[in-house]
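Positions are given from 1 along the sequence. For ligands, and for the atoms within them, numbers begin at 1 and follow the listed sequence. Keep in mind that the numbers below use all heavy atoms, side chains included, and drop hydrogens, waters and symmetry copies.
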Amino acid sequence: MNSTCYIAGLGTSVPEKKLSNFDFEKIMDTSNEWIVSRTGIKTRHVLAEGQNISDIAYEASLKAIVDAKIDKSEITHILVATCSPQKLSPSLACILAQNLGLSSTSGLQTISTHNPSLVCFDFNAACSGFIYGLEIARAFLALHSNSTILLVTAEGLSRRLNFQDRTTSILFGDGAGAVILRNHGDYLYKVHDVSLGSDGDYCDLIQIGGGTEFEAKVGDVVDESFFLTMQGREVFKSAVRGMAQESLKLLEKNSLTVNDIDLFITHQANLRIIEAVGERLSISQDKVFTNLEKYGNTSASSILLAMEEAREQGKLKKGAKTLLTAFGSGLTWGSALLS
Ligand code: UT7
């Protein structure tokens with residue numbers, strides 16, 4: 001089976017509105033000093049009133065389409081990784097299809113008979129969403145070789161943060177990313193391999209409420225369970241272990257060592273986690289890319305925001321070996337190898 005998968009275009013978008021650590025100082029018992037020293041985060045972007053994740057997902061998608069030099073009508077699949085969907089239903093992928101002006105009918109004009117309609121759905125692998133999405137895309141590409149896949153990550157976690165909880169609300173930001181994935185034509189990066197894992201025994205460690213568990217009736221007021229809750233210390237330890245182990249597993253599977261890696265991009269959750277993973281792998285810190293100080297933890301979008309900035313700085317290069325790794329609620333984790 002042909003598992004070739006290329007990243008042909010890349011785009012990102014964050015809301016304009018920013019929250020700095022000093023803004024948090026005004027509303028809760030915290031300090032810029034604590035947040036920077038414990039997390040590395042200085043600011044994060046958050047959705048403004050009336051703005052939705054479909055807005056930033058749309059912008060990121062258009063940028064990726066332009067970057068890939070394709071016509072949007074070539075898109076056969078829209079896959080959206082999110083743990084903060086705009087609605088329980090319909091999927092953000094279908095909302096995006098509408099906003100992009102795509103439909104099954106327009107798809108039919110250009111797509112081979114093996115793949116006669118546009119396929120749109122969301123999936124939730126939390127902060128590991130982008131890595132999971134690469135593997136889902138590889139499977140679709142193997143089954144339908146003429147596919148042009150728009151893989152989007154879109155998170156609006158600020159809408160599910162409890163701003164009375166200083167242990168979680170200072171960590172997260174909103175953002176979106178998008179890539180065009182194909183197995184033919186010009187490309188930016190090749191996806192060599194992906195390795196995934198999850199463990200439901202730890203599903204209590206990070207939770208976001210608001211699903212059908214919430215037995216609501218009209219007029220009810222929400223409580224803390226509606227928002228994101230996290231057992232930070234436990235997640236910290238599991239994140240370091242999970243990302244390091246999965247990365248080593250993937251390297252070994254591909255007969256590579258850490259020394260072969262030119263650039264290492266991890267999920268941007270906490271600078272101390274990233275440094276600890278780097279230490280476990282004994283990778284030199286100048287190969288480790290971080291930008292969480294500007295965005296905070298944007299969940300599924302963090303790797304794409306980092307990849308876009310690494311590309312702008314000339315650090316993410318075609319042909320160079322790039323190792324990606326992520327970890328999140330579920331628990332879920334995964335690593336991917338690009339070149
Ligand atoms: O995206 C995927 C998953 N998420 C993560 O990867 C996050 C993983 N966890 C973490 O990044 C860290 O555990 C946190 C940043 C959440 C917390 O850092 P920590 O070093 O583990 O702190 P802690 O939870 O052990 O708390 C230490 C102290 C506590 O006070 P006491 O009990 O020692 O008096 C907290 O109440 O720091 C206090 N604290 C704060 N103080 C000022 C917690 N949050 C704050 C805050 N400002 N914002």
When distances are taken from atom 25 (O) of ligand 1, the protein heavy atom at minimum range is R233 NE, 2.5 Å
Starting from atom 7 (C) of ligand 1, locate the nearest protein heavy atom and write down its residue, its atom name and how far away it is, to 0.1 Å.
M230 CE, 3.6 Å
I'd like to know if I265 and F327 are part of one continuous hydrophobic network [Ile/Leu/Val/Met/Phe/Trp/Tyr, side-chain heavy atoms within less than 4.5 Å].
no
Residue selection (non-hydrogen contact nearest [atom]) among [options]:
{"atom": "atom 6 (O) of ligand 1", "options": "L228, I274, V240, I273", "answer": "I273"}
{"atom": "atom 14 (C) of ligand 1", "options": "N270, L271, I170", "answer": "N270"}
{"atom": "atom 48 (N) of ligand 1", "options": "E234, K237, R38, R166", "answer": "R166"}
{"atom": "atom 13 (O) of ligand 1", "options": "S302, S329, G232, A326", "answer": "G232"}

[X] bridged to [Y] by N-O distance under 4.0 Å:
{"X": "E275", "Y": "R272", "result": "no"}
{"X": "D262", "Y": "K317", "result": "no"}
{"X": "R138", "Y": "D193", "result": "yes"}

Residues [X] and [Y]: side-chain donor-acceptor under 3.5 angstrom:
{"X": "T229", "Y": "Q207", "answer": "no"}
{"X": "S195", "Y": "S335", "answer": "no"}
{"X": "T82", "Y": "D122", "answer": "no"}
{"X": "N146", "Y": "H184", "answer": "no"}
{"X": "S54", "Y": "Q86", "answer": "yes"}

Which ligand 1 atoms, with their elements, are less than 4.0 angstrom from a heavy-atom of V235?
3 (C), 4 (N), 5 (C), 6 (O), 8 (C)
Donor-acceptor contact below 3.5 Å, side chain T39 vs main chain N270:
no
Heavy atoms only, cut-off 4.0 Å: how does [X] contact ligand 1, side chain, backbone, both, or neither?
{"X": "T30", "result": "both"}
{"X": "T167", "result": "both"}
{"X": "I206", "result": "side chain"}

Protein heavy atoms near [atom], is at least one of them under 4.0 angstrom away?
{"atom": "atom 23 (P) of ligand 1", "result": "yes"}
{"atom": "atom 34 (O) of ligand 1", "result": "no"}
{"atom": "atom 1 (O) of ligand 1", "result": "yes"}
{"atom": "atom 29 (C) of ligand 1", "result": "no"}

Under 4.0 angstrom from ligand 1, any heavy atom of T168?
no
If the contact criterion is a heavy-atom separation under 4.0 Å, does M28 count as touching ligand 1?
no
Could you tell me whether [X] and ligand 1 have an N or O pair separated by under 3.5 Å?
{"X": "S31", "answer": "no"}
{"X": "T39", "answer": "no"}
{"X": "A239", "answer": "no"}

